4 protein chains.
Amino acid sequence: MSNPKTRPGKAAPSKPAGRGRAARAVTAEAPEPAVPKTAPSKAPANRAERAAERRAAIVEAALDEFISRGFTATRIDDIAKRAGVAKGTIYLHFKDKESMFEELIRTALVPMINRLHAPPPIGGSVRDMIEGFAQNFIREVATTRRGDIVRLIVAEGPRFPAVADFYYREVVSRGLAGMRALIELGIARGEIRQKDLARFPQIMVAPALIAVIWQSLFSRHAPLDAIEMFRVHLDLIFGERRTA
Amino acid sequence: MSNPKTRPGKAAPSKPAGRGRAARAVTAEAPEPAVPKTAPSKAPANRAERAAERRAAIVEAALDEFISRGFTATRIDDIAKRAGVAKGTIYLHFKDKESMFEELIRTALVPMINRLHAPPPIGGSVRDMIEGFAQNFIREVATTRRGDIVRLIVAEGPRFPAVADFYYREVVSRGLAGMRALIELGIARGEIRQKDLARFPQIMVAPALIAVIWQSLFSRHAPLDAIEMFRVHLDLIFGERRTA
Amino acid sequence: MSNPKTRPGKAAPSKPAGRGRAARAVTAEAPEPAVPKTAPSKAPANRAERAAERRAAIVEAALDEFISRGFTATRIDDIAKRAGVAKGTIYLHFKDKESMFEELIRTALVPMINRLHAPPPIGGSVRDMIEGFAQNFIREVATTRRGDIVRLIVAEGPRFPAVADFYYREVVSRGLAGMRALIELGIARGEIRQKDLARFPQIMVAPALIAVIWQSLFSRHAPLDAIEMFRVHLDLIFGERRTA
Amino acid sequence: MSNPKTRPGKAAPSKPAGRGRAARAVTAEAPEPAVPKTAPSKAPANRAERAAERRAAIVEAALDEFISRGFTATRIDDIAKRAGVAKGTIYLHFKDKESMFEELIRTALVPMINRLHAPPPIGGSVRDMIEGFAQNFIREVATTRRGDIVRLIVAEGPRFPAVADFYYREVVSRGLAGMRALIELGIARGEIRQKDLARFPQIMVAPALIAVIWQSLFSRHAPLDAIEMFRVHLDLIFGERRTA
DNA sequence: TATGAATGAGACTTCATTCAT
DNA sequence: CATGAATGAAGTCTCATTCAT
């Protein structure tokens with residue numbers, strides 16, 4: 001139950017010297033401890049483009065840091081280093097750490113939101129639609145950094161009501177509404193027998209969220225085949241399928 | 001989309017952001033802004049008892065603070081105030097903030113662990129056993145501070161591998177093992193038809209975890225009847241029940 | 001006893017003091033919160049004229065800012081905004097903030113210096129001359145921004161010896177010398193009986209300086225009729241006058 | 001018109017290196033550039049006494065720094081060094097730089113206020129009373145650090161309305177009221193002929209204030225015998241005195 | 001010439017930790 | 001054992017100055 005302390009890059013002092021703030025956080029696994037993004041791959045083109053690139057780099061870096069350390073433990077300085085810009089530059093793009101965080105989350109959620117707006121993959125059965133959707137979600141969210149963002153929201157939500165509100169409004173309530181519609185369609189078509197399911201669309205997505213959290217916390221202890229799990233879950237709802 | 005609150009106990013600041021460490025955290029809802037727990041209810045008895053009481057107060061206070069602010073944003077000072085002890089006293093009981101956090105989590109999980117060890121309520125059907133267990137869980141975890149601890153682990157786990165490890169070893173793997181056993185029992189008894197469920201006991205508990213998270217983040221937007229949700233979930237697994 | 005104002009132009013901060021440079025200054029009353037002087041009144045004519053105009057705008061803006069905030073608390077950025085130019089432009093005209101300050105003060109004092117050089121209003125009595133001069137001074141200095149410059153010198157002088165030196169050399173010593181000459185003339189003519197006054201011409205101008213300071217600090221608590229005050233002062237020196 | 005730049009203790013860089021904030025202030029003459037007050041003269045006695053001593057040292061140091069640099073240009077760090085305490089210690093005694101400044105000024109004015117409350121030296125003539133008072137003032141204010149505080153208020157007053165208000169209320173208005181009473185007494189006794197003087201007690205004190213300012217700004221160019229000046233001034237008001 | 005994005009030193013303030021009482 | 005004053009490292013944010021466009 002002991003693990004590497006102090007931030008990477010600091011020679012580990014066996015005793016935190018005099019006083020000063022010692023235990024900042026444990027920082028078990030920062031993706032990569034602030035790799036300066038030197039060596040721009042391409043010619044930077046004109047001014048506006050440069051600015052956009054810079055901003056993108058900051059956003060990228062900030063997300064990485066926030067994800068791996070949480071809001072409070074993330075240092076602007078590290079974001080800057082990782083983005084390859086000076087500290088002050090960050091303040092040209094964001095008012096302060098807090099608004100940066102909120103804006104980042106909002107921005108990062110946009111793709112998810114768009115996906116929810118996108119016309120559902122109207123295909124054959126409702127099950128196929130949901131399964132397709134879920135596979136997508138698991139592949140593109142649970143396994144990727146987007147999943148970490150979900151976990152970040154779970155982690156920081158209570159301290160950032162604005163973030164939690166936004167997430168609820170834009171992602172959760174919409175996603176559940178869409179899911180409810182699909183469930184009702186499934187019931188109407190006779191694919192789903194359990195009528196009460198429409199009252200709790202959360203049940204449908206629960207395993208997907210579990211997968212997201214599992215990924216972050218336990219995947220190194222025990223990998224989880226999220227897609228297969230979801231399939232089993234769908235079997236519960238739609239009845240067992242093909243012999244597959 | 002902005003709701004940053006000041007720390008409780010700080011008179012609304014007349015000053016602009018200024019400098020110094022600004023964005024500490026947003027702290028939307030501290031349970032109670034550090035109410036010193038003076039006035040011990042009983043006569044303190046002897047020395048050792050006093051110490052134990054003190055320690056308990058610290059643990060209690062620290063958990064509250066960690067839950068509502070997260071690890072980094074929690075101040076030892078606030079824990080001390082809330083516990084009604086001096087700052088230095090905390091260091092008589094814990095080596096530092098970090099080990100305090102880890103030890104706290106471990107301690108707080110003990111009741112859950114004990115529950116997992118306890119002989120399952122062998123009663124009638126497997127469904128009744130699971131439903132009883134789940135009701136218990138939802139009532140005593142999802143709705144209470146213990147649920148917040150689960151969320152706290154989700155939030156800080158990646159930065160505290162020791163915590164995540166401990167949680168996996170002592171709670172998750174055991175809980176899932178127990179659940180798997182129950183599922184297999186259900187399959188053997190013919191209560192559960194879907195045999196693959198035993199491969200993913202996570203599915204069984206997923207809605208309970210969803211409930212925990214929902215509680216923290218969205219309950220003020222939309223309350224969730226977790227017990228009813230879980231019942232519907234069980235209906236999926238065991239088939240619809242009585243007309244109740 | 002607290003009236004700290006935020007800087008003009010900054011939306012009232014929802015955040016507590018936090019960190020970062022906090023207490024920059026209180027800035028109780030910035031003349032006008034940096035109104036960009038866009039919309040040049042006339043066609044700019046040729047290049048050199050444009051440059052001169054720009055420089056004048058910068059000087060004007062800088063004086064206003066320095067007066068209302070003092071040297072250290074004044075930001076180049078605000079000067080630029082107020083002058084309607086880009087920050088970099090200021091560095092085309094001035095080496096740095098410090099030399100800008102010194103040069104500004106020097107420039108701003110030139111009119112006063114010229115007035116001191118100007119042939120004294122040789123009129124009838126010495127009293128009339130001094131009274132005329134004083135009325136001029138009070139009307140054109142005490143009540144206007146030039147008075148603020150005097151206060152600025154008092155404020156920053158100790159930190160800008162060059163400024164204080166210049167002010168002493170060009171304004172104070174000359175002014176006092178002129179005043180002494182007038183006093184001696186008055187003594188010679190029998191208008192002034194108190195011969196020792198020539199040793200302390202400061203006495204003659206003291207009320208005028210008081211008026212300048214009063215203007216800046218206390219006029220909103222209690223207005224001061226500086227001209228009348230000066231007249232009473234002259235009555236002390238020259239004896240009471242007409243019934244007027 | 002050039003003078004030593006950079007802060008004392010910093011090797012003077014002929015060019016301020018890369019960028020960074022260069023021109024902080026000129027700081028022509030810091031009394032002594034932060035001499036750590038090591039070596040406490042006496043045994044520090046008990047805890048409370050120590051705290052009082054510390055606080056006094058901070059107050060002392062802060063006043064010195066504020067006086068020689070002004071509010072904004074003063075660094076908490078320098079105050080700490082000069083007081084011989086750690087930076088953080090200052091925040092145990094004062095909320096922030098700004099309230100420290102305001103409180104300091106208030107505290108520093110208390111002796112002056114007390115003097116104003118003290119029963120006036122009722123002696124022989126009104127002139128003697130005023131002369132006694134003025135000599136006191138000049139000796140104990142104009143020539144000492146208290147005079148610098150007056151100048152500090154003149155310098156920072158416009159940006160610290162609270163300070164200016166306090167100064168007006170507690171010192172200026174009271175002082176002028178007392179002076180007016182004395183003048184009226186002088187008029188009643190026939191010592192002062194010029195009745196209008198009571199309308200402008202400022203005239204009476206003007207030379208004293210001039211002396212204060214002269215001290216700070218010009219005394220090294222031309223020393224000023226403030227006491228003699230004030231005597232001449234009184235001669236104007238009361239008529240010439242003894243042949244002395 | 002003029003611009004304003006970028007820089008990074010530095011200021012203020014916080015807070016984990018220590019230790020004399 | 002308990003306290004809480006003191007410390008000083010560290011974090012956030014500012015702003016004078018530069019320089020590519």
Side-chain angles (χ1 to χ4, degrees), chain A residues 7 15-24 46-48 50-51 54 72-78 80 85-93 95-98, chain B residues 16-24 47 50-51 54 74-78 80 85-93 95-98, chain C residues 15-24 47 50-51 54 72 74-78 80 85-93 95-98, chain D residues 15-24 46-47 50-51 54 72-78 80 85-93 95-98:
Chain A
R7 295 190 76 85
K15 194 69 178 303
R19 288 82 177 264
R21 183 179 317 183
R24 163 203 186 62
N46 60 46
R47 180 94 65 104
R50 281 280 290 263
R54 251 167 219 281
T72 314
T74 288
R75 295 189 301 245
I76 294 287
D77 230 358
D78 285 348
V85 303
K87 222 184 325 177
T89 305
I90 290 179
Y91 290 89
L92 298 176
H93 292 274
K95 180 178 157 290
D96 56 16
K97 195 185 173 187
E98 192 179 309
Chain B
R19 359 344 246 267
R21 185 177 317 179
R24 162 199 190 66
R47 182 81 66 94
R50 277 281 288 261
R54 257 169 213 283
T74 288
R75 295 192 298 243
I76 295 286
D77 225 356
D78 284 349
V85 303
K87 226 185 321 181
T89 305
I90 290 178
Y91 286 88
L92 299 175
H93 293 273
K95 177 176 159 290
D96 57 16
K97 195 184 173 188
E98 192 182 306
Chain C
K15 283 269 287 299
R19 7 335 252 268
R21 184 176 318 178
R24 155 197 195 69
R47 183 80 67 92
R50 278 281 290 260
R54 257 169 213 283
T72 315
T74 288
R75 297 192 298 243
I76 295 288
D77 226 357
D78 284 349
V85 302
K87 226 186 320 182
T89 305
I90 290 178
Y91 287 87
L92 298 176
H93 292 273
K95 179 176 157 289
D96 57 16
K97 194 185 174 187
E98 193 182 307
Chain D
K15 196 66 178 306
R19 288 84 177 263
R21 184 177 316 180
R24 161 203 187 63
N46 60 46
R47 180 95 66 104
R50 279 280 289 263
R54 251 166 218 282
T72 314
T74 288
R75 295 190 300 245
I76 294 288
D77 228 357
D78 285 348
V85 303
K87 223 181 328 177
T89 305
I90 290 179
Y91 289 89
L92 298 176
H93 293 274
K95 181 179 154 291
D96 58 15
K97 196 184 172 188
E98 191 179 308

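Just so it is clear: chains get the letters A, B, ... in the order the sequence lines come, proteins before strands, and each one is counted from 1. All of these numbers come straight from a predicted model, not from anything done at the bench.
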Q | Nearest-angstrom distance from the residue atom CD of B/Glu98 to C1' of E/dT17 | A | 14 Å
Q: Ignoring backbone atoms, establish whether C/Lys87 has a side-chain N or O less than 4.0 Å from OP1 or OP2 of E/dG4.
A: no
Q. Relative to the 5' end of DNA chain E, which residue comes earlier, A/Ile90 or C/Ala86, by the nucleotide with the nearest heavy atom?
A. C/Ala86
(Q) Considering every strand and a 4.0 Å limit on heavy-atom distances, what is the contact class for A/Leu92: base, sugar-phosphate, or nothing? (A) base
Q.
Please compare D/Ala51 and A/Ile76 by the position of their nearest nucleotide in DNA chain F and report the one closer to 5'.
A. D/Ala51
Q: Please report, rounded to the nearest Å, how far the P atom of F/dT21 is from the CZ atom of A/Arg50.
A: 7 Å
Q | Integer-rounded Å distance: E/dG10 C1' and D/Asp78 CG | A | 12 Å
(Q) How many whole angstroms separate atom NZ of A/Lys95 from atom C1' of F/dT14? (A) 14 Å
Q. E/dA5 P sits how many Å from C/Asp77 CG, rounded?
A. 10 Å
Q: Nearest whole angstrom, please: distance from the C1' of E/dA11 to the OH of A/Tyr91.
A: 13 Å
Q.
Checking the side chain of A/Lys87 only, and the main-chain atoms of A/Asp78 only, is there a donor and an acceptor separated by less than 3.5 Å?
A. no
Q.
Donor-acceptor pair, distance only, cut-off 3.5 Å: does the side chain of C/Lys97 make one with the backbone of C/Arg75?
A. no
Q. 5'-most contact on DNA chain E: C/Arg54 or D/Thr89, nearest heavy atom basis?
A. C/Arg54
Q: First locate atom CG of C/Asp96, then atom CD1 of C/Ile90, and finally report the distance between them rounded to the nearest 0.5 Å.
A: 12.0 Å
Q) Among the nucleotides E/dT13, E/dT3, F/dT7, which one has an atom lying closest to any side-chain atom of D/Asp96? A) E/dT13
Q: Please list every stem that involves DNA chain F, where a stem is a run of 3 or more consecutive Watson-Crick or G-U wobble pairs with both pairing distances under 3.5 Å.
A: E:2-21 with F:2-21
Q. Between C/His93 (NE2) and F/dT17 (C1'), how many Å, whole number?
A. 16 Å
Q) Roughly, in whole Å, what's the span from NZ in C/Lys97 to P in F/dT14? A) 15 Å
